[in-house]
Amino acid sequence: MFQILYTKNQNIRNYHDLEHVDVEFFSRVQFEALRKGILFDVDYQEVIFSSFSHGKKELDHTLRAFEEAAQTAQRAKRTMVSRAVMGAK
């Protein structure tokens with residue numbers, strides 16, 4: 001069981017620290033992972049489970065897809081910020 005949270009905080013120590021999670025970015029990563037065949041809960045507060053039925057091949061595929069999803073989401077976020085800055089001029 002594990003969880004991935006996007007925040008500027010160094011540590012998540014308690015429930016109140018979840019107020020600082022970048023929910024929009026989490027949603028983008030979740031969507032991109034789904035496009036790659038990886039389904040995890042849309043609620044960022046829910047943990048992610050693996051099981052003994054997941055072997056090395058499945059875990060490697062999941063981690064690779066998740067990394068690619070995060071990179072795609074980060075590129076989209078940079079594009080949105082660039083457009084917002086250019087639009088502000």
Side-chain angles (χ1 to χ4, degrees):
M1 174 171 68
F2 63 97
Q3 182 55 299
I4 298 171
L5 300 169
Y6 299 97
T7 178
K8 292 180 181 179
N9 292 354
Q10 288 289 326
N11 297 303
I12 301 293
R13 293 185 187 94
N14 57 51
Y15 179 80
H16 298 291
D17 290 340
L18 293 176
E19 295 173 7
H20 305 289
V21 170
D22 188 342
V23 178
E24 184 178 331
F25 188 73
F26 178 87
S27 295
R28 290 174 198 266
V29 173
Q30 190 271 343
F31 176 76
E32 292 298 332
L34 183 59
R35 289 178 50 172
K36 296 179 179 309
I38 305 302
L39 176 64
F40 58 93
D41 202 302
V42 296
D43 183 354
Y44 69 94
Q45 295 180 17
E46 291 294 324
V47 296
I48 300 169
F49 293 93
S50 62
S51 75
F52 285 111
S53 66
H54 297 123
K56 181 172 177 16
K57 179 181 175 183
E58 292 82 14
L59 292 173
D60 286 345
H61 170 74
T62 299
L63 292 173
R64 189 171 41 260
F66 192 81
E67 182 178 17
E68 291 170 6
Q71 290 170 352
T72 300
Q74 184 63 37
R75 282 192 300 273
K77 185 175 184 176
R78 280 195 302 264
T79 299
M80 288 180 61
V81 169
S82 294
R83 287 182 183 162
V85 168
M86 292 181 74
K89 289 184 178 183

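Starting from 1, each residue takes its place in the sequence as its number. Please read all numbers here as calculations on a predicted model, not as lab measurements.
Heavy-atom minimum distance, A69 versus A33: CB-N, 3.5 Å. E58 and S53 get closest at one heavy-atom pair: OE1-O, 4.4 Å. In this structure, R13 and N11 approach most closely via the heavy-atom pair NH2-ND2, 3.3 Å.
In this structure, OG1 on T72 lies 14.5 Å from NZ on K77, to the nearest 0.5 angstrom. The line from CD of E32 to OG of S27 is 12.0 Å long, rounded to the nearest 0.5 Å. With rounding to the nearest 0.5 Å, the separation of CG in L34 from CG in L39 is 6.0 Å.
Here E67 does not pair with R64 in a salt bridge; the nearest charged N to carboxylate O distance is not below 4.0 Å.
In this structure, F31 is not a member of the same hydrophobic cluster as V29, with clusters built from ILVMFWY side-chain heavy atoms closer than 4.5 Å. Tracing side-chain contacts under 4.5 Å through hydrophobic residues (I, L, V, M, F, W, Y), one reaches F25 starting from I48; they form part of the same cluster.
Within the 4.5 Å cutoff, side-chain heavy atoms of K36 are placed close to those of E68. By the 4.5 Å heavy-atom criterion applied to side chains, E24 and D22 are counted as neighbours.
Counting only distance, with no hydrogens or angles, the side chain of D17 and the backbone of H20 share no donor-acceptor pair below 3.5 Å.
Residue pairs meeting the ring pair (Phe, Tyr, Trp, His ring centres under 6.0 Å) criterion with at least one partner in residues 39-69, sequence neighbours excluded, are F26-F40, F40-F66.
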Please lay out, stage by stage, how D60 and K56 fare under the test salt bridge (Lys or Arg N to Asp or Glu O under 4.0 Å). CA-CA 6 Å; D60 286 345; K56 181 172 177 16; 2.9 Å; yes

